[in-house]
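Basis for what follows: all heavy atoms, side chains included, without hydrogens, waters or symmetry-related copies. First the proteins, then the strands, lettered A, B, ... as listed; each starts at 1.
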Amino acid sequence: MPYRPEQIEPKWQAFWEQNKTFKVEIEPNKPKYYALDMFPYPSGQGLHVGHPEGYTATDIVSRYKRMQGFNVLHAMGWDAFGLPAEQYAIQTGTSPALTTAANIENFTRQIKSLGFSYDWDREINTTDPKYFKWTQWIFLEIYKLGLAYEHDAPVNWCPELRTVLSNEEVIDGKSERGGHPVVRKPMKQWMLKITEYAEKLLEDLDGLDWPTSVKEMQKNWIGKSVGAEVHFKIKDKIDLEFVVFTTRPDTLFGATYAVLAPEHPLVDQITAPERWQELNDYKEFCAAKSDLDRTDLSKKKTGVFTGAYAVNPANGQPVPVWVADYVLMSYGTGAIMAVPGHDQRDWEFAKQFGIEIKSILDGVEVSEGAQTDDGILAHSGFLDGLKVKEAKTKMIEWLEAQGRGRASINYKLRDWLFSRQRYWGEPFPLMQTEDGEVLPMDPKDLPLELPTVATYQPSESGESPLAHCDDWINLTLPDGRTAKRSSNTMPQWAGSCWYYLRYLDPHNDQAGWSSEAEKYWMPVDLYIGGAEHAVLHLLYSRFWHKVLYDLGHVTTKEPFQKLVNQGMILGENNEKMSKSRGNVINPDDVVKAYGADALRLYEMFMGPLEKAKPWSTTGLEGAHRFLSRFWRLYVEEDDKTTSRFTDNALDEATERLYHETVKKVTDDLEGLRFNTAISQLMVMVNHLTGQPQFNKNLAKNLALLISPFAPHLGEELWHRLKGGDTLAYETWPSYDPAKLVAKTLTIPVQILGKHRDNLVVPPGLSQTEALQLALKQDKVVRHLEGREIVKAIWVPDKILNLVVR
RNA sequence: GCCCGGAUGGCGGAAUAGGUAGACGCCAGGGACUUAAAAUCCCUUGUUCGUAAGAGCGUACCGGUUCAAAUCCGGUUCCGGGUACCA
């Protein structure tokens, strides 16, 4: 019988499901391994070929680790709150719950058709009240720590769509869908104090086995700056002062003006009466600026003079105080000391408005641009002669001694806007009384479920449809007061912040997870997913984990020990896959035509997991051809096991290749180098294809070696050879290092670094012996003619290089 | 602009404590089997010169270190990702 994946794949999938082959429980005496996929949002589009890439990688590792004796936790679930289902509900009136359930069913079918070894008894769904009960519980824990607060924050309101959009959904000031204008509108929002964890989030990156790019992105996002706060008093109004943050306190003597953000509270108090009109106009101008204007690259700096002067604390000189929107209220103190000689932004501003530009570095010219490099200080009083670094320290000491400032650290990271004006999300487990008091719900009353609503249309004011649900939103408290629930819900990130913990103990209704399970399974040993989550999901998740750690609910500081981003699979034309480009590959079609094993094998063979790579249908066919060849090693046309199997010992070449193969595949699996592991299996199969007979035991082990990549094929061949049930818990083949050593080696001989000939010799030759043999070879002799050997480089069993004159 | 990553045949990619560049797969060409085709199997395939033996060139570009560089160092170009007045 030829290779028929359409027959063997459903058969083994049914076997695994019926026998619960991959069900796991805590086994204290067994080492654990936790392999995690970024769980998908079950969209209406179904799976695309990018999903199986990461899932196959973790599945291969899971299957391999199981055969190595690890107790492997590998599960799948659904990040099922989200905008598309709600958008569909607005358009059609279909409940998001129904849409979501149908999509999950489709995703489940598709994922199961790929033969992943998930413990399906641990399946989770963020929209299931039994799940989000604990999302709400974690929110209450965060709230109780004082890390959640309400705040009037501007949101992206799209009047046309009557909905609030997340920043990601706003592109160049317009809605991603439909290109409608988006305006900033203040609304009361829940915020989480992630900034309180900035330092820990930064520090603990060091111990993680993550891609440097992701660590780098998180570092930049947190954006730590070390510097100082400096107090500036307003001239002639000695009771008024503002504080600036600077990373360059050493340049204080070069500060020739100061700038306040347009929203800075001091602006109104210090502005000279004759300038009020101008200042107000400018503030309005800034407030009206859209995101589009802000990203305008050709923009010029704008600003107005307040008419007031501040006193430079270093030299007592008056400096003009300006208002300009290049200073942001949301960073630092919303005010800066401007040092145009040594800061390019200040330089441009000063140039434009004719403000003095001063160099405070010895011999440094600043008329053509700011100079931000190190140098020797000058014109700086007590700092003269010092280098930048020393001057910083000394200035901070001086400021502290004078009570005019202190050392200070700032972060770019902002608090996390945690409310969405949407229906399809976790309701906040809080209520607000008529007199404004916020009361958390009693955890034993959780979950707070979503009510059914008559319409999914948001209100004109931008509130979610929950605002129309009078029965749900209005409460009477036992003490007789009335209270309201929030019509906001949590963002999609909430459910995905902790799902890896729910997998540990998914049916626990007393707690989100048991401490026993947490201690046994955590941390996640391998986490694979798309690079698009490099910052937000991974940062939010780390933040929640650290809060849970501080509360004693988890015992590891970090959730994900090793992280890998799979590269994107591009279309055959090397462009991003998209419907509009018409280059989308549907996994269902691939499975139907070539089988799941071929899809898995091909996706892993395309190239390094982390790299982007274009799809190739002929490449996929190659993978399928390889599996057919593999099959034909075992099975004859008449469906009988091949007559080529023997019990005879292996010949030397086959034996060595076999041991090399076990070593290479094992090492490559450890390093997630699936493409080269597969190529080694191909070399092995190519070799055996040329053999009239081969050892049956080798055939068995080869079935084990391929089974992580092509599990259905592996199971079927194993079953045909050995009978019995699954190979999932068989022992992974081992190799004998002694068998890796070849009896003869081919050693290149170079003359002046150019490869000229080879020596075919036994290993362990000495330099003298090698040289003697080389000098007997015609080619070597010919190239040495008329030359003198100056030096011979001999790397034992590797290379001989003759240096001649 | 800044930060990170990358550049190897016609294509995807192998090879880094520096040691035969191009494993493996795809494509292409040739052959076997077949009435024929498909499937399968075998061979060739970096490039130039040469009938051949062989020789020259070759890992984006320029230069350096070394007996030896895809690999290390300095500079340049191009591509991908992130970020955007963060003081």
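Base engagement by Arg414(A) is indicated by at least one non-hydrogen atom pair under 4.0 Å involving a base atom. Residue contacts shown for Thr746(A) include a base, since a base heavy atom lies under 4.0 Å away. Within the nucleic acid shown, Lys412(A) comes within 4.0 Å of at least one base atom, counting heavy atoms only. In this structure, Pro211(A) reaches neither bases nor backbone, as no heavy-atom distance under 4.0 Å exists between it and the strands shown. If you check every strand for non-hydrogen atoms under 4.0 Å, Gln750(A) touches a base.
OP1 or OP2 of C41(B) has at least one side-chain nitrogen or oxygen of Arg632(A) nearer than 4.0 Å. Remark: Lys779(A) is in phosphate contact with G54(B), judged by side-chain N or O atoms under 4.0 Å from OP1 or OP2. Distances shorter than 4.0 Å separate none of the side-chain N or O atoms of His342(A) from OP1 or OP2 on A87(B). Residue Lys611(A) places at least one side-chain N or O closer than 4.0 Å to OP1 or OP2 of G13(B).
Remark: C1' of G82(B) and CG of Leu538(A) are 14 Å apart, rounded to the nearest angstrom. Distance, Asp668(A) CG to G13(B) P: 17 Å, rounded to whole Å. Atom pair Phe626(A):CZ and A39(B):P shows a separation of 19 Å (rounding to whole Å applied). The separation between Ile793(A) atom CD1 and U66(B) atom C1' is 10 Å, rounded to whole Å. Atom CG of Asp343(A) and atom P of G1(B) are 18 Å apart (whole Å). At whole-Å resolution of the value, CG in Leu205(A) and C1' in C4(B) are 15 Å apart. To the nearest angstrom, P of A87(B) lies 17 Å from CG of Leu252(A). What separates NZ of Lys791(A) from P of G19(B) is a distance of 18 Å, to the nearest Å.
Taking atom P in both U76(B) and G12(B), one finds a spacing of 28 Å when rounded to whole Å. When the C1' atom is compared between G56(B) and G19(B), the two are found 22 Å apart, to the nearest whole Å. A gap of 23 Å separates the C1' atoms of A60(B) and U66(B), to the nearest Å. Atom name P, nucleotides A7(B) and U45(B): the rounded distance is 27 Å, in whole Å. Across C79(B) and C26(B), the matching P atoms stand 33 Å from one another, rounded to whole Å. When the C1' atom is used for both G50(B) and C42(B), the distance is 28 Å, rounded to whole Å. Using atom P as the reference point in both G18(B) and A69(B), the two lie 13 Å apart (nearest Å). For the P atom pair drawn from C24(B) and C73(B), the interatomic distance equals 31 Å after rounding to whole Å.
For His624(A) and Tyr3(A), the ring centers are positioned less than 6.0 Å apart. Between Trp416(A) and Tyr197(A), the distance separating the two ring centers is not shorter than 6.0 angstrom. Outside the 6.0 Å centre-distance limit, the rings of Phe605(A) and Phe674(A) are not counted as a close aromatic pair.
Distance from the side chain of Trp221(A) is smallest for U83(B) among the nucleotides A87(B), U83(B), C85(B). If you check C67(B), G19(B), A87(B) against the side chain of Val327(A), the one that comes closest is A87(B). For Met217(A), taking side-chain heavy atoms from C-beta onward, the closest of the listed nucleotides A87(B), U40(B), G82(B) is G82(B).
Looking at Lys301(A), its side chain comes within 3.5 Å of the base of C85(B) through a donor and an acceptor atom.
Residue Thr661(A) is tested with Met684(A), His687(A), Met682(A) for a side-chain contact (heavy atoms from CB on, under 4.5 Å); the sole match is Met684(A).
Annotated as anti: G54(B), whose glycosidic dihedral deviates from 0 by more than 90°.
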Quick one: do Tyr282(A) and Thr302(A) satisfy side-chain hydrogen bond (donor to acceptor under 3.5 Å, both in side chains)? Show the steps, please.
CA-CA 9 Å; Tyr282(A) 183 68; Thr302(A) 58; 2.8 Å; yes

The test is side-chain contact (heavy atoms from CB on, under 4.5 Å); show your working for Ser359(A) and His342(A) and say whether it passes.
CA-CA 7 Å; Ser359(A) 174; His342(A) 304 282; 4.0 Å; yes

Go through the steps for Phe626(A) and Leu681(A) under the test side-chain contact (heavy atoms from CB on, under 4.5 Å), then give the verdict.
CA-CA 10 Å; Phe626(A) 167 70; Leu681(A) 289 168; 4.2 Å; yes

Check the pair Glu53(A) / Lys613(A) against salt bridge (Lys or Arg N to Asp or Glu O under 4.0 Å), numbers first and verdict last.
CA-CA 11 Å; Glu53(A) 190 187 12; Lys613(A) 48 230 159 209; 2.8 Å; yes

With side-chain contact (heavy atoms from CB on, under 4.5 Å) as the criterion, how do Phe709(A) and Leu669(A) come out once you've worked through the C-alpha distance, each side chain's angles and the decisive distance to 0.1 Å?
CA-CA 10 Å; Phe709(A) 304 92; Leu669(A) 282 175; 3.7 Å; yes

Could you pull out the protein-nucleic contacts involving nucleotides 23-33 of chain B (nitrogen or oxygen on both sides, under 3.5 Å)?
from   : atom 1 : to        : atom 2 : distance (Å)
G25(B) : OP1    : Asn686(A) : ND2    : 3.2
C26(B) : OP1    : Arg625(A) : NE     : 3.1
C26(B) : OP1    : Arg625(A) : NH2    : 2.7
C26(B) : O2'    : Thr618(A) : OG1    : 2.7

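Of the two residues contacting RNA chain B, namely Val535(A) and Ala612(A), the nearest-nucleotide position lying further toward the 5' end is that of Ala612(A). Both Lys754(A) and Ser213(A) lie near RNA chain B, and the one whose nearest nucleotide falls closer to the 5' end is Ser213(A).
Side-chain atoms of Asp668(A) and Thr676(A) form a donor-acceptor pair, as typed in the model, at a separation below 3.5 Å.
A donor-acceptor pair is defined here as one N or O able to donate and one able to accept, closer than 3.5 Å; such a pair exists between the side chain of Ser766(A) and the backbone of Glu769(A). Although no hydrogens or angles enter the test, the distance criterion places no donor-acceptor pair under 3.5 Å between the side chain of Gln750(A) and the main chain of Ile799(A).
Annotation: proximity of residues 329-340 of chain A to RNA chain B (heavy atom, distance under 4.0 Å) is found for Tyr331(A), Ile336(A), numbered in ascending order.
The aromatic rings of Phe353(A) and Phe349(A) are tilted relative to each other, their planes meeting at an angle between 30° and 60°.
With salt bridges taken as basic N to acidic carboxylate O contacts below 4.0 Å, none links Glu621(A) and Arg625(A). Using a cutoff of 4.0 Å between basic side-chain nitrogens and carboxylate oxygens, Glu199(A) and Lys224(A) are scored as salt-bridged.
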How does RNA chain B read in dot-bracket, base by base from 5' to 3', with Watson-Crick or G-U pairs under 3.5 Å and | used when the partner is on another strand?
(((((((..(((......[....))).(((((.......))))).((((....))))..(((((..]....))))))))))))....

